[in-house]
Number of protein chains: 2
Amino acid sequence: MLAMAMTDSPRKAASTAAWRAHACASCAARALSICSAMHTEDLGRLAAARTHQHVDAGETFLNEGDAATHFFNIIEGAIKVFKLMPDGRRQITGFLFAGDLLGLAFNDSYTYSAEAITPVKICRFPRRQLERLLDEFPKMEKRLLAMASNELAAAQEQMMLLGRKTAHERLASFLLSLARRERRYGRGGDAVQLPMTRTDIADYLGLTTETASRVFTSLRKRGCIEIETANSIRFSDRDTLEELASGLE
Amino acid sequence: MLAMAMTDSPRKAASTAAWRAHACASCAARALSICSAMHTEDLGRLAAARTHQHVDAGETFLNEGDAATHFFNIIEGAIKVFKLMPDGRRQITGFLFAGDLLGLAFNDSYTYSAEAITPVKICRFPRRQLERLLDEFPKMEKRLLAMASNELAAAQEQMMLLGRKTAHERLASFLLSLARRERRYGRGGDAVQLPMTRTDIADYLGLTTETASRVFTSLRKRGCIEIETANSIRFSDRDTLEELASGLE
DNA sequence: CGACGGTTTGAGTCCGGTCAATTGTCGTGG
DNA sequence: CCACGACAATTGACCGGACTCAAACCGTCG
């Protein structure tokens, strides 16, 4: 809101969504994964306070500057987290998928916006509820600290990418990290799904749409990847891609 | 170690330092600031396990890939935290000064290296000791979580800088953030000290030394800053600098 | 003083950005 | 079924900001 108010940005603003309470099993299961030591009744307390929501693709459901009253759990779909400059320049700081948590930062207001890439199911918890739980379950706090720590390491890796890598190295790194993620979650193999647009990828890698597209083509012509559709690619030479990503060629 | 081993990097490797135990008041005071609820005897326990060290300027005292056995508290001086690519490209992910903590990440091994910019006094604690304390003092954990959260927000701001800002905008942002920090810690006014070299600044901002230097000159000619010495600048038009930093001009 | 590391400045190049046009994809409705 | 519109992706021609290479300058210290 704050960030949007002072801008003539061409990107469109959010629509405020109405949140409805709704029961859901996978949601509680996810909360469980944060801390297996939590008692069932406490889980229930958290579950009671949560609300569910479907968000359409392209909808912004969290705005930089808004009071940080809730945190979110992506149940299904993909979202992008980003920051805007007054003139509309955009930097995507991360893509989040099913199972990821959003909004855990302990600041007064959100320091980023979030928008659905695909139709998304999300689960929203009040932060106060969480903080009360944290007081009772220190293990949960440790778990969150570990998560934050991993995110921080990832952020530093991304700084390396944005500050020092070439366009080719950036895209190779990105595709491989997506593939690694898919592998970690069971699926995978040599195909990677790209739910986001070329413009999103460019805004994540600090490039323009045109450059992103050109590098896709270039990697294809070099025999590193096959482009089945714009949103689905397949690795045909993962080794070369790995070398590219780490800057060895 | 790991990162250094596979590289023919022109940058020099670390010298292993000998750590000696030593008593120090400011160190305990700093630990206190992490959690005021800690008992004196517990503080003593942490204090007993710590060791002190002087590190010379230019010395690397922490290597990416090394087992993450300790965390650090900068007592005096300035350090840089960075990552290297196999061919020697470097990205500085942060500068740390007196009072800052380093190595709190909860990973098995460090994901970055750290080198002294000026002669430095640091205080080293074993991580196991800290973790035991964390179990006893949940408030401490909450404090760490808040710190990690702030760092994460800063990291995202830096991604915006590296991915989307021009050279001028990057330097303006950097100078202002340094000034803001000095102000937060009492000192300040319109002068900013730059203990790091132009090359360090460039490696932090994703530029080359030459570009960094040129932009300094350009800002001076535009009347935004005065360069008293290479390591000490003064703001002469902070407003214009602010506008530049946020991309408004 | 001279040596050395850091800084500044200059000349020329190039990677990625800009602007513009074309192609491809998909959903809608006649 | 195809025509159409909207939007994403690709491709081409050109441009420019930052990089590269190189030389000169400066401050510090032995």
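Order of the sequence lines fixes the chain letters, A, B, ..., with proteins taken first and strands second; residue numbering starts at 1 for each chain.
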As a test of reading the structure: which of D/dT10, C/dG16, D/dA9 is closest to the side chain of A/Ile227, going by heavy atoms? D/dT10
Nucleotide nearest B/Thr211 (side chain, heavy atoms from C-beta), chosen from D/dT10, D/dA18, C/dT7: D/dA18
Rounded to whole Å, how long is the line connecting atom [atom1] of [X] with atom [atom2] of [N]?
X: B/Arg170; N: D/dA18; atom1: CZ; atom2: P; value: 8 Å
X: A/Asp56; N: C/dG27; atom1: CG; atom2: P; value: 15 Å
X: A/Arg214; N: D/dA9; atom1: CZ; atom2: P; value: 15 Å
X: B/Glu210; N: C/dG10; atom1: CD; atom2: C1'; value: 11 Å
X: A/Leu219; N: D/dT11; atom1: CG; atom2: C1'; value: 16 Å
X: A/Arg220; N: D/dT11; atom1: CZ; atom2: P; value: 6 Å
X: B/Met196; N: C/dG5; atom1: CE; atom2: C1'; value: 18 Å
X: B/Leu205; N: D/dG17; atom1: CG; atom2: P; value: 19 Å

So what does A/Thr166 hit on the nucleic acid, given a heavy-atom distance under 4.0 Å: a base, only sugar-phosphate, or nothing? sugar-phosphate
With a 4.0 Å cut-off, would you call A/Arg222 and A/Glu249 a salt bridge? yes
Between [X] and [N], does any side-chain N or O lie under 4.0 Å from OP1 or OP2?
X: B/Thr208; N: D/dC19; answer: yes
X: A/Thr217; N: D/dT11; answer: yes
X: B/Arg198; N: C/dT8; answer: yes
X: B/Ser213; N: C/dT8; answer: yes

Evaluate the ring planes of B/Phe174 and B/Phe95, with Trp represented by its six-membered ring, and classify them as parallel (under 30°), tilted (30 to 60°) or perpendicular (over 60°). tilted
Taking side-chain hydrogen bond (donor to acceptor under 3.5 Å, both in side chains) as the criterion, tell me which of B/Thr197, B/Asp203, B/Asp200, B/Thr199 meets it with B/Thr209. B/Thr199
Spacing of CG belonging to B/Leu171 relative to CG belonging to B/Leu175, to within rounding of 0.5 Å: 4.5 Å
Would A/Lys80 and A/Glu115 count as a salt bridge (charged side-chain N to carboxylate O under 4.0 Å, His left out) if you check the C-alpha gap in whole Å, the side-chain angles of each, and the deciding distance to 0.1 Å? CA-CA 5 Å; A/Lys80 54 194 176 198; A/Glu115 179 182 323; 3.6 Å; yes
Nearest heavy atom decides the nucleotide; on that basis, is A/Thr229 or B/Asn231 closer to the 5' end of DNA chain C? B/Asn231
